[in-house]
Participant: 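This structure is in structure tokens; I'll ask about it shortly.
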Amino acid sequence: MKKEFIFLGPPACGKGTQTSKLAGYFNLPHVDTGSLLRAEIASGSQNGQIAKSFIDKGHLVPVELVGTIIKERLSAPDCQNGYILDGFPRSEEQANMLTKINEEIDGDNPVDFRAIYFDIDERILIDRIIHRQSCPKCGEIYNKKFRPSKVENICDKCQVELKTRADDNEEVAKARFDTYYRQTAPLIEFYENKGVLRKIDANGSIEEVWERLLKAVQE
Ligand code: AMP
């Protein structure tokens, strides 16, 4: 059955790391709206410029812009057997949009749709964000404080220089949390009411959370 997995949780809760791993495990595409938007910015397009003005403030990019990108991405042939969708939906409006997109793509075919909520102690998250780095080539995520690369600022795998996201500073991070609580957190109840929510304890090591995630997507 086609697997459609979406993920909820505050910024820096570990979704990025775990969902990339999950995509590899199931051999499904990892569709990550944050990365798609950053690629749009890097391309220099007009949509990229619009997206940047919202991302820089920690606000949600307008729904029409993200919706168009997502619809196109989820309709691509490599999503035929399913997708690991990280970062969308982030509001009730987007959740309703996703339902509509899925109905258009899947018709009456049965799907395994789950929303996995990463439940985490939020006090550590700002600290995680401001020390976060990632490899521009392979996407591996490091943390200067909690998970440093072997050689400072260099990816262990690719040997290229690690980058810090422009929105990973304290001021924007606080705005991102505010956006999360106001617009995204209500989706936990939204999906619980639909009977498709799976909650996992996202505290602990990458390996511990991975074991819990595997259970949540398989049982
Ligand atoms: P992320 O990489 O998931 O932390 O996302 C970085 C930023 O991209 C967010 O703070 C938003 O400004 C924007 N963004 C990512 N996903 C969405 C979305 N589904 N809707 C609107 N904006 C988004």
Side-chain angles (χ1 to χ4, degrees), residues 4-23 29-43 45 47-74 79 83-102 115-118 120 122 124-136 138-143 162-188 190-191 202:
E4 298 180 345
F5 297 153
I6 65 160
F7 300 84
L8 300 171
C13 66
K15 280 192 301 350
T17 303
Q18 297 290 343
T19 52
S20 315
K21 222 165 131 80
L22 196 63
H30 178 230
V31 180
D32 159 17
T33 42
S35 297
L36 289 173
L37 291 167
R38 284 187 286 278
E40 195 71 42
I41 295 172
S43 79
S45 71
N47 276 346
Q49 279 177 23
I50 298 171
K52 186 175 183 316
S53 65
F54 289 87
I55 293 176
D56 284 351
K57 294 193 195 88
H59 297 165
L60 292 187
V61 169
V63 66
E64 305 77 35
L65 202 161
V66 193
T68 308
I69 294 177
I70 278 296
K71 187 167 179 192
E72 196 182 314
R73 185 64 192 89
L74 298 186
C79 289
Y83 53 74
I84 304 294
L85 183 51
D86 175 10
F88 189 93
R90 265 173 145 106
S91 67
E92 197 165 325
E93 192 180 8
Q94 292 187 7
N96 289 323
M97 185 181 261
L98 180 63
T99 306
K100 216 166 134 239
I101 293 173
N102 283 336
I116 318 292
Y117 167 46
F118 280 53
I120 192 161
E122 281 137 27
I124 59 159
L125 298 181
I126 289 269
D127 223 25
R128 263 200 196 174
I129 289 184
I130 58 182
H131 295 106
R132 180 159 68 179
Q133 294 179 304
S134 65
C135 172
C138 72
E140 185 74 12
I141 299 165
Y142 296 88
N143 189 289
L162 298 175
K163 296 267 177 266
T164 300
R165 277 170 46 175
D167 59 346
D168 275 352
N169 59 69
E170 194 160 351
E171 194 190 336
V172 181
K174 284 187 174 149
R176 282 157 62 200
F177 275 96
D178 184 55
T179 303
Y180 171 76
Y181 288 114
R182 278 189 297 109
Q183 304 196 61
T184 311
L187 292 182
I188 298 164
F190 177 93
Y191 284 115

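Values in this document were obtained by computation on a predicted structure and should not be read as measured data. Values reported hereafter were calculated over all heavy atoms of this structure, with side chains retained and with hydrogens, waters and symmetry mates removed. Indexing begins at 1, ligand by ligand and atom by atom, following the structure's order. Count residues from 1 along the sequence.
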Participant: Judged by atom type as modelled, is there a donor-acceptor pair below 3.5 Å linking the side chain of Gln18 to the main-chain atoms of Gly14?
Facilitator: no
Participant: Check whether any side-chain heavy atom of Thr33 lies under 4.5 Å from a side-chain heavy atom of Ile69, and answer yes or no.
Facilitator: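 No, side chains not in contact.
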Participant: Any protein N or O within less than 3.5 Å of an N or O in ligand 1? List each pair with its distance, or say none.
Facilitator:
from: ligand 1; atom 1: 2 (O); to: Arg38; atom 2: NH1; distance (Å): 3.0
from: ligand 1; atom 1: 2 (O); to: Arg38; atom 2: NH2; distance (Å): 3.2
from: ligand 1; atom 1: 2 (O); to: Arg165; atom 2: NH1; distance (Å): 3.1
from: ligand 1; atom 1: 2 (O); to: Arg165; atom 2: NH2; distance (Å): 3.3
from: ligand 1; atom 1: 3 (O); to: Arg90; atom 2: NH1; distance (Å): 3.2
from: ligand 1; atom 1: 3 (O); to: Arg90; atom 2: NH2; distance (Å): 3.1
from: ligand 1; atom 1: 4 (O); to: Arg165; atom 2: NH2; distance (Å): 3.0
from: ligand 1; atom 1: 12 (O); to: His59; atom 2: O; distance (Å): 2.6
from: ligand 1; atom 1: 16 (N); to: Thr33; atom 2: OG1; distance (Å): 2.8
from: ligand 1; atom 1: 16 (N); to: Gly87; atom 2: O; distance (Å): 3.4
from: ligand 1; atom 1: 16 (N); to: Arg90; atom 2: NH1; distance (Å): 2.8
from: ligand 1; atom 1: 19 (N); to: Gly87; atom 2: O; distance (Å): 2.8
from: ligand 1; atom 1: 19 (N); to: Gln94; atom 2: OE1; distance (Å): 3.0
from: ligand 1; atom 1: 20 (N); to: Gln94; atom 2: NE2; distance (Å): 2.8
from: ligand 1; atom 1: 22 (N); to: Val61; atom 2: N; distance (Å): 3.0

Participant: Rounded to the nearest 0.5 Å, what's the gap from OG1 on Thr19 to OH on Tyr83? Could you check?
Facilitator: 14.0 Å
Participant: For Arg128, does its backbone N or O pair with a side-chain atom of Asn143 as donor and acceptor, under 3.5 Å?
Facilitator: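 Yes.
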Participant: After noting the C-alpha distance and the side-chain angles of Asp168 and Arg176, does the key distance pass the salt bridge (charged side-chain N to carboxylate O under 4.0 Å, His left out) rule?
Facilitator: CA-CA 10 Å; Asp168 275 352; Arg176 282 157 62 200; 3.0 Å; yes
Participant: So, the side chain of Lys100 versus the backbone of Asn96: is there a donor-acceptor pair under 3.5 Å, distance only?
Facilitator: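 A pair under 3.5 Å: no.
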